[in-house]
Amino acid sequence: MRKSIQKILNYKPQNKKITVLTAYDYSTAKYADLGGVDMILVGDSLAQVVLGLDNTSDISMNEMKIFVRAVSRGVENALLIADMPYMSFQIDKSQTVQNACELIKAGANAVKLEGASDYIIDNIKHLTQIGIPVVGHIGFTPQSINILGGNKIQGKTASKAEEILSQAQKLQEAGCFAVVLELMPQECAKYVTQNIQIPTIGIGAGKFCDGQVLVIDDILGKFDKFSPRFVRKYADLKTTITQAVKQYCADVESGDFPNENECYKMEDEEREKIETH
Ligand code: KIV
């Protein structure tokens, strides 16, 4: 059975860290789940790491639903969160509800929305009031890259940290059960974490957050287009995959693959008939 939101909420008072990773396909989700992660996020980062697009905002609702369905089939224990794609929650309330419901129907237990403007807060309230669990996301919000002017560290000054705290408090009041803090000094993330009741999940936000999230392709060393300094690599799948493919090509070319155990055989009687034909 998947972890409940209540179970995740009990971590903060117990000082137990929340572990979160992204996943975008069935088998990776299954192994992330087996590895014991608390929450799995089908992030819109899939636009970049899976589809090779330039921006996270290049993914549509229809595409997101396909990935959520695939991941959902692999997840038994973790709580599954789906990112609401760019422009799926900005237009109006009824479209926001419709889109969030579609992600829940595709297998997510909660949705994540970027931003905390009054308009977004209003839409989040609408979702939480009808019982859709929501995770907020503030600090650097990749869907707003054009406004933020690039991958810039947020909350660098005390007054900016106050602004981020105020956004986090608004998200909490709107009913979010957790908030992602992306790309900010650890002092800013600590200030926010200590002044809200809901858990903070950091990415590039230091060790004082209540939990951490990373992109799975980054920790597995599979995505190499860019690698932020906050990523820790736990495997080198780029090398593993490249080496395996090289060996496969060599084995096919040399005739080593397939061998006697890797093929099917006719009964002798049948083989003789075609050999003597
Ligand atoms: O899209 C994503 O993967 C995310 C996380 C990295 C927080 O939003």
> So, Lys12 side chain and Ile198 main chain: donor-acceptor pair closer than 3.5 Å or not?
Replying inline: yes

Which pairs of donor and acceptor atoms, one on a side chain in residues 37-52, lie under 3.5 Å apart (sequence neighbours left out)?
from	atom 1	to	atom 2	distance (Å)
Asp38	OD1	Lys3	NZ	3.1
Asp38	OD1	Tyr11	OH	2.8
Asp38	OD2	Thr19	N	2.9
Asp38	OD2	Thr19	OG1	3.1
Asp44	OD2	Gln143	NE2	2.6
Ser45	OG	Tyr24	OH	2.7
Gln48	NE2	Asp54	O	2.9

>> For Gly139 versus Ile164, what's the shortest heavy-atom pair and its separation?
In response: CA-CD1, 4.4 Å

>> Lys7: which residues meet the salt bridge (Lys or Arg N to Asp or Glu O under 4.0 Å) condition with it, sequence neighbours left out?
In response: none

> Do side-chain atoms of Glu262 reach the backbone of Asn259 as a donor and acceptor pair under 3.5 angstrom?
Replying inline: yes

> Given the rule in the salt bridge (charged side-chain N to carboxylate O under 4.0 Å, His left out) test, do Lys190 and Glu187 qualify, once you have shown the distances and angles that lead to the verdict?
Replying inline: CA-CA 5 Å; Lys190 182 181 183 185; Glu187 297 80 359; over 6 Å; no

> Got a donor-acceptor contact below 3.5 angstrom from the Asp33 side chain to the Ala29 backbone?
Replying inline: no

>> Applying ring pair (Phe, Tyr, Trp, His ring centres under 6.0 Å) as the test, list every pair that has at least one member in residues 154-213; sequence neighbours left out.
In response: none

> What's the shortest heavy-atom distance between Ile132 and Cys101, and which atoms?
Replying inline: CD1-SG, 3.8 Å

> Around atom OH of Tyr248, are there more than 12 heavy atoms of other residues, nucleotides or ligands at under 6.0 Å?
Replying inline: no

>> Distance check, rounded to the nearest 0.5 Å: Leu9 atom CG versus Ile18 atom CD1?
In response: 7.5 Å

> Is there a side chain to side chain contact (heavy atoms under 4.5 Å, CB included) between Phe140 and Asn151 once you walk through the steps?
Replying inline: CA-CA 7 Å; Phe140 176 65; Asn151 290 17; 3.5 Å; yes

> Under 3.5 Å, is there a donor-acceptor pair between the side chain of Gln172 and the main chain of Gln197?
Replying inline: yes

> Does a donor on one side chain sit under 3.5 Å from an acceptor on the other, for Ser159 and Glu162?
Replying inline: no

>> For Glu275, is the CD atom crowded, meaning more than 12 foreign heavy atoms sit under 6.0 Å from it?
In response: yes

> With a 3.5 Å cut-off and no angle check, do the side chains of Ser254 and Asp256 form a donor-acceptor pair?
Replying inline: no

>> For a quick check under 3.5 Å, do Arg2 and Asn109 share a side-chain donor-acceptor pair by atom type?
In response: yes

> Under the side chain to side chain donor-acceptor pair (under 3.5 Å) criterion, do Glu63 and Ser60 qualify, and how do the steps go?
Replying inline: CA-CA 5 Å; Glu63 288 165 325; Ser60 68; 3.1 Å; yes

> Does a side-chain heavy-atom distance below 4.5 Å link Asp210 with Lys17?
Replying inline: no

>> Would you compute the distance between atom CD of Glu114 and atom OG of Ser57 and round it to the nearest 0.5 angstrom?
In response: 9.0 Å

> Nearest 0.5 Å, what's the CG-CD1 distance between Leu181 and Ile138?
Replying inline: 5.5 Å

> Would you call Pro133 and Thr128 a side-chain contact if the rule is heavy atoms closer than 4.5 Å?
Replying inline: no

>> Take a 6.0 Å sphere around NZ of Lys222 and say whether it holds more than 12 heavy atoms from other residues, nucleotides or ligands.
In response: no

>> With clusters defined by side-chain heavy atoms of hydrophobic residues (ILVMFWY) lying less than 4.5 Å apart, directly or transitively, does Val111 cluster with Met87?
In response: no

> How long is the span from the CD1 atom in Ile81 to the OG1 atom in Thr22, to the nearest 0.5 Å?
Replying inline: 11.0 Å

> Distance-only, no hydrogens or angles: does the Lys156 side chain make a donor-acceptor pair with backbone N or O of Cys188 under 3.5 Å?
Replying inline: no

>> Between Ser88 and Met61 (side chain of the first, backbone of the second, donor and acceptor by atom type, cut-off under 3.5 Å), is there such a pair?
In response: no

> Heavy-atom count around Glu269 CD within 6.0 Å, excluding the residue itself: above 12?
Replying inline: no

>> Counting C-beta onward and ignoring hydrogens, is there a side-chain heavy-atom pair between Gln154 and Lys160 closer than 4.5 Å?
In response: no

>> Holding to salt bridge (Lys or Arg N to Asp or Glu O under 4.0 Å), I want the full list of residues that pass it with Lys65, two or more places apart in sequence or in another chain.
In response: Glu102

> With side chains defined as the heavy atoms from C-beta onward, is the minimum distance between Val179 and Ile196 less than 4.5 Å?
Replying inline: yes

> Among side-chain atoms of Gln247 and Asp251, is any donor-acceptor pair under 3.5 angstrom?
Replying inline: yes

>> Looking at every heavy atom in both Cys176 and Val135, which two are closest together, and how far apart are they?
In response: SG-C, 4.3 Å

> Is any side-chain heavy atom of Val134 closer than 4.5 Å to a side-chain heavy atom of Lys112?
Replying inline: no

> Under a 4.5 Å side-chain heavy-atom rule over Ile, Leu, Val, Met, Phe, Trp and Tyr, are Ile121 and Ile147 clustered together?
Replying inline: no

> Salt-bridged, Asp122 to Lys93, with N to O below 4.0 Å?
Replying inline: yes

> Should Lys265 and Glu260 count as an ion pair when the cut-off is N to O under 4.0 Å?
Replying inline: yes

> Looking only at atom types and distance, does a side-chain atom of Gln194 sit under 3.5 Å from a main-chain N or O of Val192, one as donor and one as acceptor?
Replying inline: no

>> A quick test of your reading: do over 12 heavy atoms of other residues, nucleotides or ligands sit less than 6.0 Å from NZ of Lys207?
In response: no

>> Main chain of Pro85, side chain of Asp83: is a donor-acceptor contact present, judged purely on distance under 3.5 Å?
In response: no

> Is there a path from Leu237 to Tyr31 through hydrophobic residues (I, L, V, M, F, W, Y) whose side chains come within less than 4.5 Å of each other?
Replying inline: no

> Taking only residues two or more places apart in sequence, or in another chain, which ones meet Lys16 in a salt bridge (Lys or Arg N to Asp or Glu O under 4.0 Å)?
Replying inline: none

>> Checking Leu21 against Ile219 for the side chain to side chain contact (heavy atoms under 4.5 Å, CB included) test, could you report, in this order, the C-alpha distance in whole Å, the side-chain angles of both residues, the deciding distance, and whether it holds?
In response: CA-CA 9 Å; Leu21 280 173; Ile219 73 158; 3.8 Å; yes

>> For Thr28 and Asp25: C-alpha separation, side-chain torsions, deciding distance, then whether side chain to side chain contact (heavy atoms under 4.5 Å, CB included) applies.
In response: CA-CA 6 Å; Thr28 312; Asp25 66 272; 2.7 Å; yes

>> If I compare all heavy atoms of Val71 with all of Ala23, which pair ends up nearest, and what's the gap?
In response: CG2-O, 3.5 Å

>> Please check this pair: side chain of Gln212 against backbone of Gly206, looking for a donor-acceptor N/O pair closer than 3.5 Å.
In response: yes

>> Using modelled atom types and a 3.5 Å cut-off, is there a donor and acceptor pairing between side-chain atoms of Asp58 and backbone atoms of Leu53?
In response: no

> Transitively linked via ILVMFWY side-chain contacts under 4.5 Å: Leu103 with Tyr26?
Replying inline: no

> Is there a chain of hydrophobic side chains (I, L, V, M, F, W, Y, each step under 4.5 Å between heavy atoms) that links Ile130 to Met84?
Replying inline: yes

>> For Cys209 versus Ile201, what's the shortest heavy-atom pair and its separation?
In response: CB-C, 4.5 Å

> Between Ala189 and Ala205, what is the shortest heavy-atom contact and its length?
Replying inline: CB-O, 3.1 Å

>> Applying salt bridge (Lys or Arg N to Asp or Glu O under 4.0 Å), can you list everything that pairs with Glu253, at least two apart in sequence or on another chain?
In response: none

> Less than 4.0 Å between a side-chain N and a carboxylate O, is that true for Arg271 and Asp268?
Replying inline: yes

>> Between Tyr86 and Phe89, is the ring centroid distance below 6.0 Å?
In response: no

